[in-house]
Amino acid sequence: MSQAPKQKYETVIGLEVHLQLDTATKIFCGCANKFGEAPNTLTCPVCLGLPGSLPVVNEKALEYAIKVGLALNCTINPFVKFDRKNYFYPDCPKAYQISQYDFPICRQGYLMIETAEGEPKKVRINRAHLEEDAGKLIHDDAHNCSLVDYNRTGTPLMEIVTEPDLRSADEAYRYLQDLKLTLSYLGVSDCDMEKGSLRCDANISIRPMGEQKLGTKTELKNMNSFKAVKAGLEHEIGRHFAMLESGQSIVQETRLWDEARGRTFTMRSKEEAHDYRYFPEPDLVPLMLDNITVEKVKASLPELPMQKRERLMQRYQLAAYDANILVQDPVLAALFEQCAARYADTKKICNWINGPLMKELNERKTPAATIGLTAENLADLIKRVDEGVLSNLAGKDVLTFMIDTGQSVDTIIKEKGLAQVSDDSALEKIVAEILQEHQDIADQIRAGKESAVGFLVGQAMRKTQGKANPKKIGEIIKKTLSQ
Ligand code: ADP
Ligand code: ZN
Ligand code: MG
């Protein structure tokens, strides 16, 4: 089912991403903007929508929105106006959401992504606007009721909407990853999908190859990871294709992704779609953003992932692959640069960070920012391995101690007795023992089976708990057996 559409039909996808902004307080009131507190403890008359209460715009939320817009290459609209989006549902106590309709704060930007073929691709952003989040409904099947938590009500939210520029589920996935990385660099949100800080709805249609007119779309909701977005889209592409191939037409509707069953089902049809009756929010006067404000935010933008990647490649002659891994975590990228200031072999530094260090971090399930590994210690460790003082294997052990204790490489070598044995007479003694213990293998090597040398080297490493210099061991074995 997923083979044929590639040739005959073109897939068209547009994404709507909601991003919670990590401000101290909510967007229109002074309640704390915090996740995970006891239900309904972070509320006030404003976010509960009690009559007579009046909203006031949170300046920080505006600043963050401008930041997001600039990072996505958008035009910042100087005229900031809010509108009421009316709907009736228990998650929204006012029965309207304050949002932005015809004058979104950010318009017409783009994000550069890389396709599976490694080609750069521009994904246009149609708009990004500010709004308030709704409360959270918890459906309690056991008691046959729904509970509502208004702590989330009024959390500043940005909705980032792409043009229908994406052409496959994989491109959508890549866009989401790159978008999340860019947003996480800005420090305006924790971008945590599990906490609901980042959410995505996906719109999809297919059309005959070469056709310009867009096909009828369906909107997919209820995906709680990027993988789920990809899986949901893949399934939906197949469903559209099968419908069209069998002569049926697609019905414009909103569908829910059922992760457990691996399929989508109807949530509401176009006829049931809400009429939001947008109108200007009368309790908030429109704001004029001056140039100075926007310029100030622009000056505060950090180096963004794409820029960092280019710079790392140019300045340190890194391969795109290595640079890509480093930019995934600005803390690791900074560690790399600090090490590079102390040690010239940037490729080696990169290998240590992308290899053993990342492995340690994954095992510990801890972000790089939380460990006390200094660049000085790491650079010294790499030096000691290169000098042959430490074997590669022992070096990895040292790294573990280093992360645990913050001690320097030389202290750890001394305390743990880890220095690599490179002294010829000591190594010759070890080789003699090994040959004695494995005479059959020694005979095979004498008979020309060079590949068996590795086994003996392994035995020597085991015997010395990784302290022997493996290169030298190998040489001594060959020399001894050729005599
Ligand atoms: P709606 O009015 O239903 O919200 P919008 O025009 O605002 O639709 O678009 C919402 C999202 O859907 C955008 O990301 C847009 O790019 C995408 N989109 C719109 N039409 C299509 C289509 N025919 N196929 C795929 N995506 C589409
Ligand atoms: Zn409040
Ligand atoms: Mg829309």
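In each ligand, atom 1 is the first atom listed, and ligand 1 is the first ligand listed.
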Residues Glu171 and Arg174 bridged, charged N to O under 4.0 Å: no
Between Thr218 and His240, do the side chains contain an N or O donor and an N or O acceptor separated by less than 3.5 Å? yes
Taking NZ, NE, NH1 and NH2 as the nitrogens, is one of them in Asp380 or Lys383 under 4.0 Å from a carboxylate oxygen of the other? yes
Counting only heavy atoms closer than 4.0 Å, does ligand 1 sit against the backbone of Glu163, its side chain, both, or neither? backbone
Hey, is ligand 1 close enough to Ile204 that some N/O pair sits below 3.5 Å? no
Check whether any side-chain heavy atom of Lys8 lies under 4.5 Å from a side-chain heavy atom of Glu245, and answer yes or no. yes
Where ligand 1 meets Leu214 - atom numbers and elements under 4.0 angstrom, heavy-atom basis: 23 (N)
Can you check whether Asn203 has an N/O within less than 3.5 Å of an N/O in ligand 1? yes
Considering only NZ, NE, NH1 and NH2 on the basic side and carboxylate oxygens on the acidic side, decide whether Lys180 and Asp192 come within less than 4.0 Å. no
Side chain, backbone, both or neither: which applies to Thr216 and ligand 1 if a contact is any heavy-atom pair less than 4.0 Å apart? neither
I'd like to check which ligand 1 atoms, numbered from 1 as shown, lie under 4.0 Å from a non-hydrogen atom of Val161. 13 (C), 14 (O)
Inspect the contact between Arg309 and Glu114 and indicate whether a charged nitrogen and a carboxylate oxygen are less than 4.0 angstrom apart. yes
Of all the atoms in ligand 1, which lie at a distance below 4.0 Å from a heavy atom belonging to Gly215? 23 (N)
Metal-centred angle, SG of Cys29 through the Zn ion (ligand 2) to SG of Cys44, rounded to 10 degrees: 110°
Contact check: Pro164 vs ligand 1, nitrogen or oxygen atoms, below 3.5 angstrom: yes
Any atoms of ligand 1 less than 4.0 Å from a non-hydrogen atom of Thr162? List them with their elements. 13 (C), 14 (O), 15 (C), 16 (O)
Less than 4.0 Å between a side-chain N and a carboxylate O, is that true for Glu16 and Lys221? no
Atoms of ligand 1 less than 4.0 Å from Gly14 heavy atoms? 14 (O), 16 (O), 17 (C), 26 (N)
What atoms of ligand 1 come closer than 4.0 angstrom to any heavy atom of Ser205? 22 (C), 23 (N), 24 (N), 25 (C)
Nearest option to atom 20 (N) of ligand 1, as decided by whichever heavy atom of Glu219, Arg207, Lys217 sits closest: Lys217
Among side-chain atoms of Asp190 and Ser197, is any donor-acceptor pair under 3.5 angstrom? yes
May I ask you to say whether Lys81 pairs ionically with Asp83, meaning some side-chain N is under 4.0 Å from a carboxylate O? yes
